[in-house]
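Atom set for the values below is all heavy atoms of this structure, side chains included, hydrogens, waters and symmetry mates excluded. Every value quoted in this text rests on a predicted model; they were computed, and no experiment measured them. In what follows, every chain begins at residue 1, and chains take the letters A, B, ... in the order their sequences are listed.
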Amino acid sequence: MLEKNYTPKDFEEKIYADWETSGDFKPDMRSNKDAFAIVIPPPNVTGILHMGHALDNTLQDILIRYNRMLGKKVLWQPGTDHAGIATQMVVERNLAKEGKTKHDLGREKFIETVWKWKEHSGGTITKQLRRLGASCDWSRERFTMDEGLSRAVRKIFVSLYKDGLIFKAKKLVNWDPKLGTAVSDLEVVQKDTLGKMYYYRYPIEGSDSEYITIATTRPETMFGDTAVAISKDNEKLKHLIGKNCIIPIINKVIPIIADEHADPEKGTGAVKITPAHDFNDFEVGKRHNLPLVNILNPDATLNENTPYEGMTTQEARAKTIEELTKLGLMDKIEDHPMVIPYGDRSGVVIEPLMTDQWFVDAPTLAKEAMRVVENGEMEFVPKSYEKTYFEWMRNIQPWCISRQLWWGHQMPIWYGPDDTIFCEENEEEALAAAEKHYGKKVELRRETDVLDTWFSSGLWAFSTLGWPDKTEYLDTFYPTSVLVTGFDIIFFWVARMMMMSMYKMKQVPFKKCYIHGLVRDEKGQKMSKSKGNTVDPMATIEKYGADALRFFMAAMETQGRDINLSEARIAGYRNFATKLWNAARFGEMNECRLDASYNPKNAKLAVNKWIIAKAQEASKEVTENLNSFRFSDAANAVYQFVWGSFCDWYIEMIKPILYGENEADKAETRATFAWVLDRILIILHPFMPFITTELWNNTSERSVKLIHAAWPENEQIDEQAMKEIDWAIDLISEIRSLRSEMNIPASAKLTVYLKGAEEKSKQHLSQLDKIICTLARLESIGAYEGEITPDMVQGVFKESTLLLPLKGVVDFKAEKERLKKELDNLNKYLEGYERKLSNPSFVERAPAAVVEEERRRQSEAKENKAKVEAALERIANF
RNA sequence: GGGUGUGUAGCUCAGGUGGUUAGAGCGCUACGUUGACAUCGUAGAGGUCACAAGUUCGAGUCUUGUCACUCCCA
């Protein structure tokens, strides 16, 4: 027996545990159908589930469950990312609580500590994914630092290095002074800030009175200046080009050069050039062969090349201004809107810094990655994201992959005594290579840098399937079917996976890439911890059930749009689950059990034929929409069918049968009900896996689990079977509407006549009069050919006229108002039809069918108008 | 500055290739009958589809422009 109330908490976790322990998430490798695979975007091992994950993983689970029910070999490959910076920060923070730093432990011990942390606290998010219902094959869970995946990383690295696609270079990179590491362009966020523009003068060499005034936002970097630039088109200043000027305080002589970087319209037209601390200046320096002077330590304090060694940039800035003022060289300070780079993890100001770093030749790898999108081997859904992808790929820069961290994949690079580089997959091979190179055994020193986390996630699509080994899973599931992720991750991850996969596998990592939007708060604001507007999916699941949250995500997911979280709506989908629950209880109470001998094709009763056809129609819609990633349309198709067709109409219509005496009709109806409920559970299962399973397990005897039940395919829908009941529904709605408008009490049982009904309508009427009477609360309904009398309220129903004899209780005032309103409406439509049909070019040029339809409507409206006018006429004197 | 979206009912949003009277959920109004469900039912109100011009027999849908906002990249 089903409980009276729907309480998801009672069964969700129990059902999940059964799936997992029974191995229901493992692919059926014996299936002779296609393979379908998704690799999960690996959440950070430090992560906790947020609404974005809930959306992303709900969509993936829907696709996975749908394809599993289609009988394919289905793999959802799960795992987590070691998340270099994020994880290291978490562990360092814990150490700080004990008053320790990572240096107190040393590298080896620290890494050990991180692993321990991972074992104890790293599984939070995967537990939460289970709560959401994600049907990942957890027996295959991977971690980017697993031995297998690490081997893949080393292998790819060595391969790229030997192909000349990884190189070491001293370059200006984004340096995070807090973390003490280089970061990639993508890990830097540019923030608009109101800063200051400082105007001050550099004396011209060999002149007592001449100066050049420069404008800068960072005066403290002047000790690293190696030139001042002026545009050669700058009429006012170009006479200074070729002369030298003197950096005050340190009295260093630097040249004044001509370069287009100096915009005559901006500032003073003269720009100080600091090639070691500014990306633009670096380019200028390259053009003019300027020396590079580094003025910063790795922690962003000033170094020995400045007079302010040890000061922070802020302190040095104040000091510099003070000194310049004393020297009488400061002109003015203005407010100046500017953009300042911050580290997205550390939150501190990023400094461009000259350091030795390792780079991947991304521009070369991007070529293949672009080609396969151009020729459609990999398709973005929605397609418009192609543009974003191409735009980024076309302008891609070498990718800085080295990080000065401890937690991560240490680069497989060894240095010989003379710094010769040996890049091999392990130390033995490196030693062997060195011995060959030097002609003797030598000691090697390993590169201490680790790799950018995205390097290993770039291999995710094939490393998780077993590469570099040749495995059955790699054979079966690569390339994977679809990747589901947010647009914010296209550059970080999608692009890198495309590059790495094309480089090594020569095949796309996934055939399609479905991109969804962001989950925002109720007001459309981005959710963030700092704003305090985050909503915890676990709390939502606790309150409304995982199914309600999942259905919300699916129903709100329309291509190319963000989702605003709405608790009212989630509650609405919980109500939907309740509705289904109660419908199943209704079936249970009326002994609607699945009947093995039942075939829906043999149903005889109109209501049953109708609901079967509707169910098949809904199945088809869900299927088509899921095939084209139209999640909201798919979800709404089930919703409308369950609530609108099944609960609102079908259940109401079969009550007289189930409560009646005709045993044959009863039996057919019970079996049909059970069949339809079954169908609902099947097509709803991908969206609401828990409630559907709970009902599946508790309504009838089953030979197969719902998670493996067969999805309906290629059904013949009996369109004809829908017409009769649709006709009755229209009629009932019309009668209800009339009753309501005429303020007829719900309890009053009426008699209704149809005048002027065609033969077909009369047939419907006699077959369905019981249903119509029950649902419209009538005493009786029948055809009528007598005169219409003034005490009959009159409605228009298709070709016929609907008559409600009210025997002296007609509210004539209400009736007149109603009829007048009706008349106004008809006149409005008639005007529209008239306008169209009197336009000769419409009649000539529009397709015949459209014109014909318009004529039909016009004549129908004319007939209705005549009826309404007659009715008004009849009661004019009352 | 470059690029990309978005603007439809009080609110949150649907409306693949142009063709009935533009839909849903929530909210609102009125009513509510014994039995699946008040986490419900029935009926109803509410929209000049941001604005302007254009293409077309016909535009929420296509084109251009304007305004407002979002996001991405500089």
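With sequence neighbours excluded, the residues that form a side chain to side chain contact (heavy atoms under 4.5 Å, CB included) with A:Ala366 are A:Met370, A:Met393, A:Ile396, A:Met499. For A:Arg630, the side-chain hydrogen bond (donor to acceptor under 3.5 Å, both in side chains) partners at least two apart in sequence or on another chain are A:Asp633. Among residues two or more places apart in sequence or in another chain, the side chain to side chain contact (heavy atoms under 4.5 Å, CB included) test is passed with A:Val188 by A:Asn174, A:Val183, A:Gln190, A:Pro341, A:Ile350. Annotation: side-chain hydrogen bond (donor to acceptor under 3.5 Å, both in side chains) contacts of A:Asn590 (sequence neighbours excluded): none. With sequence neighbours left out, A:Glu386 forms a side-chain hydrogen bond (donor to acceptor under 3.5 Å, both in side chains) with A:Lys383. With sequence neighbours excluded, the residues forming a ring pair (Phe, Tyr, Trp, His ring centres under 6.0 Å) with A:Phe11 are A:Trp581, listed by chain and number.
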Sequence neighbours left out, cut at 3.5 Å: what donor-acceptor pairs do the side chains of residues 742-749 of chain A make with other protein atoms?
none

Validation: residues 635-650 of chain A side-chain donor-acceptor distances under 3.5 Å, sequence neighbours left out:
| residue | atom | partner | partner atom | Å |
| --- | --- | --- | --- | --- |
| A:Asn636 | ND2 | A:Ser632 | O | 3.1 |
| A:Tyr650 | OH | A:Asn608 | OD1 | 2.6 |

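Within the structure, the ring pair (Phe, Tyr, Trp, His ring centres under 6.0 Å) test picks out no pair touching residues 818-857 of chain A (sequence neighbours left out).
Using a 4.0 Å cut-off, some side-chain N or O of A:Arg561 falls inside it from OP1 or OP2 of B:A14.
Side-chain contact annotation: A:Tyr6 with A:Asn582, donor-acceptor N/O pair under 3.5 Å absent.
Picking from B:G16, B:C40, B:C37 the nucleotide with the shortest atom distance to the side chain of A:Trp643 gives B:C40.
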Quick test: give all pairs of protein nitrogen or oxygen and nucleotides 44-46 of chain B nitrogen or oxygen below 3.5 Å, distance rounded to 0.1 Å.
| residue | atom | partner | partner atom | Å |
| --- | --- | --- | --- | --- |
| B:G44 | OP1 | A:Ser737 | OG | 2.9 |

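Toward the 5′ end of RNA chain B lies the nearest nucleotide of A:Ala568, the other residue of the pair A:Arg845 and A:Ala568 mapping further downstream.
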- Note on the structure: B/S/- along nucleotides 67-74 of chain B (protein heavy atoms under 4.0 Å) is ---SSS--
- Query: Given Watson-Crick or G-U pairs with both distances under 3.5 Å, what dot-bracket string fits RNA chain B, with | for other-strand pairs and [ ] for crossing?
  - Reply: (((.(((..((((.....[...)))).(((((.......))))).....(((((..]....)))))))).))).
